[in-house]
Amino acid sequence: TAYPYFGQYEMHNPKKLALRFDALFLSDNAAVMLVSDQAAKAYEKKYRQENNPSLKTFYQFLWYYAKDALEQIGWKKGPCIVLKSVHHGDYRGCLLLPMRDAKITY
């Protein structure tokens with residue numbers, strides 16, 4: 001799935017997704033989807049300001065991706081690709097794989 005739907009936001013939404021799916025495909029603009037302190041702060045800000053439960057979960061994944069800490073929410077990064085676009089800039093996409101036996105920390 002690339003865009004999980006949630007009717008309400010909970011910190012445990014990533015764990016719920018790990019129980020339902022074998023993988024997630026996470027993508028965003030390649031210029032901002034980076035592993036860095038700056039990117040992590042930007043995604044954390046979006047995460048904290050977002051009210052839509054599905055988008056908030058999306059930004060939660062991006063925040064943990066940017067701080068290279070996906071294992072803290074029960075996921076690990078698999079292969080990544082850059083998707084080339086003629087009109088909308090490039091997108092980075094990464095396959096996320098669940099760590100179903102991992103101890104989740106929030």
Side-chain angles (χ1 to χ4, degrees):
T1 185
Y3 185 78
Y5 171 78
F6 287 100
Q8 69 180 47
Y9 175 78
E10 298 174 4
M11 281 293 289
H12 298 287
N13 283 354
K15 185 176 181 179
K16 289 179 182 177
L17 290 171
L19 297 173
R20 286 184 57 201
F21 297 104
D22 292 327
L24 295 176
F25 189 74
L26 183 67
S27 67
D28 199 7
N29 187 295
V32 297
M33 189 174 163
L34 306 170
V35 175
S36 72
D37 290 339
Q38 182 179 358
K41 288 177 186 175
Y43 283 126
E44 180 182 12
K45 182 178 179 181
K46 288 181 178 186
Y47 164 81
R48 298 209 183 276
Q49 293 176 345
E50 185 58 57
N51 291 324
N52 178 294
S54 296
L55 284 175
K56 191 169 185 92
T57 301
F58 171 70
Y59 287 128
Q60 181 182 7
F61 274 106
L62 286 167
W63 174 24
Y64 280 81
Y65 169 89
K67 60 183 190 171
D68 199 22
L70 285 166
E71 70 281 349
Q72 290 180 3
I73 58 172
W75 291 83
K76 63 184 175 181
K77 184 172 65 168
C80 297
I81 59 172
V82 174
L83 306 165
K84 297 289 191 180
S85 170
V86 175
H87 301 290
H88 301 291
D90 297 343
Y91 279 78
R92 176 170 285 109
C94 294
L95 192 64
L96 303 185
L97 305 167
M99 300 171 56
R100 291 193 172 100
D101 297 328
K103 180 179 179 186
I104 312 299
T105 57
Y106 290 98

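As a basis for the values below, the full set of heavy atoms in this structure was taken, side chains included, without hydrogen atoms, waters or symmetry mates. Note that the structure is a prediction, hence the values are computed from the model and not measured.
Annotation for Lys16 and Glu10: closest pair NZ-OE1, 2.7 Å, computed over non-hydrogen atoms. Shown here for Leu17 and Trp75, the closest heavy-atom pair between the two residues is C-CZ2, 3.7 Å. Here the closest heavy-atom approach between residue Phe25 and residue Leu95 is recorded as CD1-N, 4.2 Å. Residue Ala23 comes nearest to Leu97 through the heavy atom pair CB-CD2, 3.9 Å, listed as atom of the first residue, atom of the second, then distance. In terms of heavy atoms, Leu70 sits closest to Phe61 at CD2-O, 3.8 Å. Among all heavy-atom pairs drawn from Cys94 and Lys77, the shortest one is SG-CD, 4.1 Å.
Lys67 forms no cation-pi arrangement with Tyr65, by the criterion of a distance under 6.0 Å to the ring centre and an angle within 45° of the ring axis.
At least one donor-acceptor pair closer than 3.5 Å links the side chain of Lys56 to the backbone N or O of Tyr47. The backbone N or O of Val82 lies less than 3.5 Å from no partner atom in the side chain of Arg92, so there is not a single donor-acceptor pair.
Between Lys45 and Gln49, some side-chain heavy-atom pair lies under the 4.5 Å cut-off.
One distance of note links CG of Asn13 with OG1 of Thr57; it measures 4.0 Å at 0.5 Å rounding. Rounded to the nearest 0.5 Å, atoms CD (Glu50) and CZ (Phe58) are 10.0 Å apart. Atom CZ of Arg48 is separated from atom CD of Glu44 by 4.5 Å, given to the nearest 0.5 angstrom. Taking OG of Ser27 as the reference point, atom CG of Asp90 lies at 12.5 Å (rounded to 0.5 Å). The CG atom of Leu62 sits 10.5 Å away from the CG atom of Leu55 when rounded to the nearest 0.5 Å.
Checked against Ile73 for a side chain to side chain contact (heavy atoms under 4.5 Å, CB included), the options Met99, Gln60, Met11 give a single hit: Gln60.
When the side chains of ILVMFWY residues are joined at heavy-atom separations under 4.5 Å, either directly or via intervening members, Leu34 and Tyr59 end up in two distinct hydrophobic clusters.
Side chains of Tyr43 and Asp28: a donor on one and an acceptor on the other come within 3.5 Å.
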